[in-house]
Q: 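One structure follows; several queries about it will come next.
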Amino acid sequence: QVQLVESGGGLVQPGGSLRLSCAASTSISSFSVMGWHRQAPGKERTLVALIFSAGLTNYADSVKGRFTISRDNAKNTVYLEMNTLKPEDTAVYYCNGQRRGYAYWGQGTQVTVSS
């Protein structure tokens, strides 16, 4: 059973930073793509950032220049570095991985940006 476990969420003031981690129970090299999505209250889940096995990345326009996705294959972990956070970044952040035709999701971690 493949598991993805997120951590690193919390409460931060506008303009602050957080780093989210997604630890996989298996080698992340076996995933064709991994990513972060988020869901704000009353809204649909949307894509934040993707990182492909070859290292290419893709970001939602709303986070370009502020968020950075990266992966550490040795630690089987994907990260989301979030800077210059805004109140509209408040959401539950979910890790996602695509592997052998299946999509895996973590349980989510809450990020709240508020003064």
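All figures in this text were calculated on a predicted structure; none of them were measured in a lab.
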Q: What distance do Ser62 atom OG and Leu47 atom CG have between them, rounded to the nearest 0.5 Å?
A: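 Those atoms lie 9.0 Å apart.
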
Q: Quick check: do Ile69 and Tyr79 have side-chain heavy atoms less than 4.5 Å from each other?
A: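 Answer no - side chains too far apart.
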
Q: Is there a side chain to side chain donor-acceptor pair (under 3.5 Å) between Arg99 and Ser30? Walk through the geometry before answering.
A: CA-CA 6 Å; Arg99 178 177 180 267; Ser30 64; 2.8 Å; yes

Q: In plain terms, say whether Asp61 and Lys64 are close enough for a salt bridge, that is, a side-chain N and a carboxylate O under 4.0 Å apart.
A: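 Salt bridge flag = yes for Lys64 with Asp61.
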
Q: Report the C-alpha distance between Asp72 and Thr77 in whole Å, list the side-chain angles of each, state the deciding distance to 0.1 Å, and finish with yes or no for side chain to side chain donor-acceptor pair (under 3.5 Å).
A: CA-CA 5 Å; Asp72 186 334; Thr77 301; over 6 Å; no

Q: Answer yes or no: is there a donor N or O on one side and an acceptor on the other, between the side chain of Arg71 and the main chain of Asn76, under 3.5 Å?
A: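 Flag not set: sc Arg71 to bb Asn76 has no pair under 3.5 Å.
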
Q: Under a 3.5 Å distance rule, please check whether Thr90 uses its side chain to pair with a backbone N or O of Thr112 as donor and acceptor.
A: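 No; judged by distance alone, with no hydrogens or angles, the pair does not exist.
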
Q: With ring pair (Phe, Tyr, Trp, His ring centres under 6.0 Å) as the rule and sequence neighbours excluded, what pairs involving residues 85-115 come up?
A: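 Non-adjacent pairs meeting ring pair (Phe, Tyr, Trp, His ring centres under 6.0 Å): His37-Trp105.
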
Q: Is the shortest side-chain heavy-atom distance between Cys95 and Trp36 below 4.5 Å?
A: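 The answer is yes, as the side chains (C-beta and beyond) meet within the 4.5 Å cut-off.
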
Q: Under 4.5 Å between side-chain heavy atoms, counting indirect links through other Ile/Leu/Val/Met/Phe/Trp/Tyr residues: same cluster for Phe31 and Leu56 or not?
A: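 Result: no, two separate clusters.
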
Q: Count I, L, V, M, F, W, Y as connected when their side-chain heavy atoms are under 4.5 Å apart, and connections chain through other members. Are Leu18 and Leu11 then in the same cluster?
A: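 Hydrophobic grouping puts Leu18 apart from Leu11.
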
Q: When rounded to the nearest 0.5 angstrom, what is the spacing between OG in Ser25 and CD in Gln1?
A: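 Rounded to the nearest 0.5 Å, the OG-CD separation comes to 7.5 Å.
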
Q: What pairs of residues pass the salt bridge (charged side-chain N to carboxylate O under 4.0 Å, His left out) test when at least one of them lies in residues 101-111, not counting sequence neighbours?
A: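 Matches after skipping sequence neighbours: none remain.
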
Q: Could you go through the side chain to side chain contact (heavy atoms under 4.5 Å, CB included) check for Asp89 and Val111 one step at a time?
A: CA-CA 8 Å; Asp89 294 318; Val111 172; 5.5 Å; no

Q: What pair of heavy atoms forms the shortest contact from Leu80 to Ala49, and how long is it?
A: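 That would be CD1-CB, 4.2 Å.
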
Q: Using a 3.5 Å distance criterion without hydrogens, assess whether the side chain of Glu6 forms a donor-acceptor pair with backbone atoms of Thr109.
A: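 Judged by distance alone, no pair lies under 3.5 Å.
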
Q: Please report the interatomic distance CZ(Phe67) to OG1(Thr84), rounded to the nearest 0.5 Å.
A: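 Rounded to the nearest 0.5 Å, the CZ-OG1 separation comes out at 9.0 Å.
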
Q: Suppose we screen for side-chain contact (heavy atoms from CB on, under 4.5 Å). Which residues come up paired with Asn58, at least two apart in sequence or across chains?
A: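 Leu50.
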
Q: Starting at CD of Gln3, measure out to CD of Gln107 and round the result to the nearest 0.5 Å.
A: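 Spacing of CD (Gln3) from CD (Gln107) equals 9.5 Å.
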
Q: Got a second to check how far Arg66's CZ is from Thr68's OG1, nearest 0.5 Å?
A: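 The distance works out to 11.0 Å.
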
Q: Does Lys43 have any salt bridge (charged side-chain N to carboxylate O under 4.0 Å, His left out) partners at least two apart in sequence or in another chain, and if so, which?
A: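 Lys43 satisfies salt bridge (charged side-chain N to carboxylate O under 4.0 Å, His left out) with no other residue.
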
Q: Identify, with sequence neighbours excluded, every residue that meets salt bridge (charged side-chain N to carboxylate O under 4.0 Å, His left out) alongside Arg19.
A: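 Salt bridge (charged side-chain N to carboxylate O under 4.0 Å, His left out) list for Arg19, sorted by chain: empty.
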
Q: Determine, stepwise, if the pair Val78 / Ile28 fulfils side chain to side chain contact (heavy atoms under 4.5 Å, CB included).
A: CA-CA 8 Å; Val78 175; Ile28 62 172; 4.2 Å; yes

Q: Starting from Val12, can I reach Val48 by hopping between I/L/V/M/F/W/Y residues whose side chains sit under 4.5 Å apart?
A: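 Per the 4.5 Å side-chain linkage, Val48 and Val12 are co-clustered.
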
Q: How many angstroms lie between OG in Ser21 and NZ in Lys75, if you round to the nearest 0.5 Å?
A: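 NZ of Lys75 is found 9.0 Å from OG of Ser21.
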
Q: Could you give me the CA-CA distance, side-chain angles and deciding distance for Arg38 and Thr46, then say whether side chain to side chain contact (heavy atoms under 4.5 Å, CB included) is met?
A: CA-CA 6 Å; Arg38 66 186 180 187; Thr46 59; 4.0 Å; yes

Q: Minimum heavy-atom separation for Cys22 and Met34, please, with both atom names.
A: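 The answer is SG-CE, 4.4 Å.
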
Q: Does Glu88 CD have over 12 foreign heavy atoms under 6.0 Å away?
A: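 Atom CD in Glu88 is packed in, count exceeds 12.
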
Q: Restricting to side-chain contact (heavy atoms from CB on, under 4.5 Å), what partner residues turn up for Ser115, sequence neighbours left out?
A: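 For Ser115, the residues satisfying side-chain contact (heavy atoms from CB on, under 4.5 Å) (neighbours in sequence not counted) are Pro14.
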
Q: Taking Ile51 as the starting point, is it possible to reach Val2 by hopping between hydrophobic residues whose side chains are less than 4.5 Å apart?
A: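 Yes; Ile51 is reachable from Val2 via cluster members.
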
